[in-house]
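Report on the structure given below.
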Amino acid sequence: MTSISVSTTINGDDVEFLCNVDETLLDVLRNRLGLMGAKEGCGTGDCGACSTIMDGRVVCSCLVLGAETQGREVETIEGMSDGRELHPLQVKFIEHAALQCGICTPGFLMAAKALLAAHPDPSEEEIRFWLAGNLCRCTGYDKIVRAVQDAAAEMRGANA
Amino acid sequence: MRYENPTTIENAVDLLARSDGPAYVLAGGTDLLVRMKGDDFDAELVVDIKSIAGMDQIVETAEGFTIGAAVPCAALGEHGALVAAWPGVVEAANLIGSTQVQSRCTISGNLCNASPAADSVPAMVAANARARIVGPGGARMIDVADVPTAPGKTSLARDEIIEAISLPKPDARSGDAYLRFTPRTEMDIAVVGAAVNLTLDDEGIVQTARVVLGAVAPSVVVVDAAAAALVGNKLNDATLKAVEAACTAASNPIDDKRGTVEFRNQVAGVLGRRAAEIAYGRAGGTQ
């Protein structure tokens with residue numbers, strides 16, 4: 001199988017990699033670039049543990065070919081904090097104990113980041129529908145929803 | 001397996017035509033990549049159509065809307081004029097999958113995947129949508145209804161690609177709607193889907209109607225008897241009862257763990273009636 005040369009942007013950095021045709025973005029992130037934050041839960045787009053943001057839209061990186069990222073802008077959980085300064089969503093997930101085992105957390109954070117970029121003041125219903133593609137088997141979701149609401153409020157305040 | 005991302009549709013068609021093994025068109029990939037991970041998947045070629053100019057565009061023209069084959073469904077819901085013109089088509093498209101899937105999935109892909117339960121297809125068929133198909137001999141337009149022929153099968157030749165879906169400009173007093181039943185509130189596949197598109201005269205009497213069911217037969221079912229019950233009438237109880245009965249009668253579903261035949265037949269009637277009520281309201285009719 002011939003390798004494909006891909007030039008893309010990940011968390012603001014120019015990145016070049018080689019990948020096989022059937023390698024997904026998730027495979028590339030984890031196995032070639034050492035970015036282990038995105039998790040493989042189902043591998044079929046059902047669980048959201050591999051959520052990343054591509055050109056401003058949250059996607060399941062298991063349903064994107066590595067080759068498709070040519071010329072695009074990819075954001076992963078590794079780029080969420082500003083150095084050691086956590087993103088408000090990360091802070092609120094910790095404060096609200098919106099995680100237990102943590103496998104789903106990077107995906108939830110990326111999906112929630114995309115939500116707040118599009119809808120700075122979402123209703124609880126909007127949050128629950130937006131995050132319906134992210135599965136969590138620990139928290140029962142309620143703490144996650146509260147954390148997102150709290151982070152949204154803080155981010156609105158910071159931007160006011 | 002090769003990956004190609006041509007920049008013209010002619011080049012894409014040529015790649016498909018010259019392929020000497022199974023070849024697939026890649027738009028959003030939300031169905032194709034899942035299949036690629038299966039043990040029995042075999043492909044010589046994947047043609048990514050997203051580098052082709054215009055594929056990711058929604059264009060509003062005097063005739064209506066042209067939706068490129070690579071436009072993600074999320075973008076349909078963000079297009080104010082399209083939402084205003086065809087709210088039923090957009091709500092059907094936006095029901096597919098999760099937020100993550102919405103970022104990638106397309107109505108052209110939903111059509112070509114040819115699932116009997118595809119949400120956007122009944123709504124597109126009700127809206128008289130047409131598909132622009134490009135092959136080695138050039139382009140042709142066909143009704144969306146004529147694309148899926150059986151579960152997983154389409155009428156397209158192996159070297160043909162849907163370039164865009166066209167929706168007509170809706171009449172002044174018209175409205176469309178799509179409803180589906182799923183056991184969960186989201187992230188689920190339709191057990192029954194029902195789409196209605198109708199136009200009214202100044203008195204609120206239905207002039208034209210299209211009633212289409214999904215997930216209750218191998219392909220979508222256009223329920224002419226339900227449309228006939230609507231045309232010439234206002235949306236009174238008798239009309240709605242006739243619509244419901246016609247939808248139940250036209251329903252021809254399978255029996256599985258997600259719904260029995262009896263259940264699906266009944267729900268087809270209920271959703272057909274409710275979708276008619278929503279479409280009627282959107283058209284400006286008052287019951």
Side-chain angles (χ1 to χ4, degrees), chain A residues 1-6 19-27 38 40 42-72 107-108 110-115 118-119 122 125-135, chain B residues 1-7 21-39 41-51 55-56 70-78 91 94-106 109 182 184-189:
Chain A
M1 193 177 283
T2 323
S3 288
I4 301 169
S5 173
V6 179
C19 70
N20 296 325
V21 175
D22 60 356
E23 272 186 76
T24 64
L25 171 58
L26 177 63
D27 295 330
E40 179 165 39
C42 64
T44 50
D46 296 306
C47 80
C50 66
S51 295
T52 55
I53 295 174
M54 186 164 73
D55 288 352
R57 293 191 189 276
V58 61
V59 299
C60 290
S61 59
C62 74
L63 293 188
V64 177
L65 292 178
E68 287 184 79
T69 64
Q70 170 67 39
R72 297 186 179 248
F108 266 103
M110 296 310 290
K113 185 183 177 192
L115 166 66
H119 305 283
E125 187 179 5
E126 285 171 327
I127 294 171
R128 287 184 183 274
F129 269 98
W130 185 281
L131 298 177
N134 293 82
L135 302 186
Chain B
M1 184 165 65
R2 288 183 297 137
Y3 168 88
E4 300 282 355
N5 59 338
T7 54
Y24 291 88
V25 174
L26 170 62
T30 51
D31 288 309
L32 181 60
L33 263 78
V34 176
R35 290 177 64 189
M36 281 174 72
K37 293 162 195 248
D39 292 336
F41 184 80
D42 175 36
E44 191 271 320
L45 174 68
V46 171
V47 178
D48 184 349
I49 60 171
K50 291 190 290 297
S51 296
M55 279 288 186
D56 61 348
V71 174
C73 285
L76 271 53
E78 295 161 6
E91 69 197 352
N94 285 164
L95 280 169
I96 301 166
S98 60
T99 311
Q100 287 87 338
V101 169
Q102 283 287 309
S103 297
R104 299 261 295 162
C105 72
T106 68
T182 57
R184 302 180 71 218
T185 53
E186 70 286 303
M187 288 286 287
D188 207 343
I189 295 166

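Naming convention: chains lettered A, B, ... in sequence-line order (proteins, then strands); numbering from 1 in each chain. Worth saying up front: this structure is predicted, and the values here are computed from it rather than measured.
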remark   = Separation between CD (B:Gln100) and SG (A:Cys62), nearest 0.5 Å, reads 9.5 Å

ask   = Do you know which of A:Val64, A:Ile4, A:Thr24 has the most heavy-atom pairs with chain B at a distance under 4.5 angstrom?
value = A:Val64

task = Can you tell which part of A:Glu68 gets under 4.5 Å to a heavy atom of chain B, answering side chain, backbone, both or neither?
result = both

task = Mind ranking B:Val101, B:Thr99, B:Thr185 by heavy-atom pairs under 4.5 Å with chain A and telling me who comes out on top?
result = B:Thr99

ask   = Would a line drawn from the ring center of B:Phe41 to the ring center of B:Tyr24 be shorter than 6.0 Å?
value = yes

request  = Applying side chain to side chain contact (heavy atoms under 4.5 Å, CB included), name anything that partners B:Asn94, two or more places apart in sequence or on another chain.
outcome  = B:Cys73, B:Val90, B:Gln102

ask   = Rounded to the nearest 0.5 Å, what separation is found between the OG1 atom of B:Thr106 and the CG atom of B:Asp56?
value = 12.0 Å

key: Ion pair A:Glu126/A:Arg128, N-O distance below 4.0 Å   = no

Heavy atoms of other groups near B:Ile189 CD1, more than 12 under 6.0 Å = no

ask   = So which part of B:Leu32 gets closer than 4.5 Å to some heavy atom of chain A, the side chain, the backbone, both or neither?
value = neither

note = dist A:Asp27:CG -> A:Ser61:OG (nearest 0.5 Å) comes out at 8.5 Å

ask   = Which atoms of B:Asn5 come close to chain A, meaning under 4.5 Å heavy atom to heavy atom: side chain ones, backbone ones, both, or neither?
value = neither

note = Applying a strict 4.5 Å limit to non-hydrogen atoms, the region of A:Leu65 in contact with chain B is both

message = If I measure from the heavy atoms of chain B, does A:Thr52 come under 4.5 Å with its side chain, its backbone, both, or neither?
response = neither

request  = Identify which of A:Ala114, A:Cys60, A:Gly107, A:Ala67 forms the greatest number of heavy-atom pairs closer than 4.5 Å to chain B.
outcome  = A:Ala67

task = With a 4.5 angstrom heavy-atom cut-off, could you sort out which part of A:Met110 is near chain B: side chain, backbone, both or neither?
result = neither

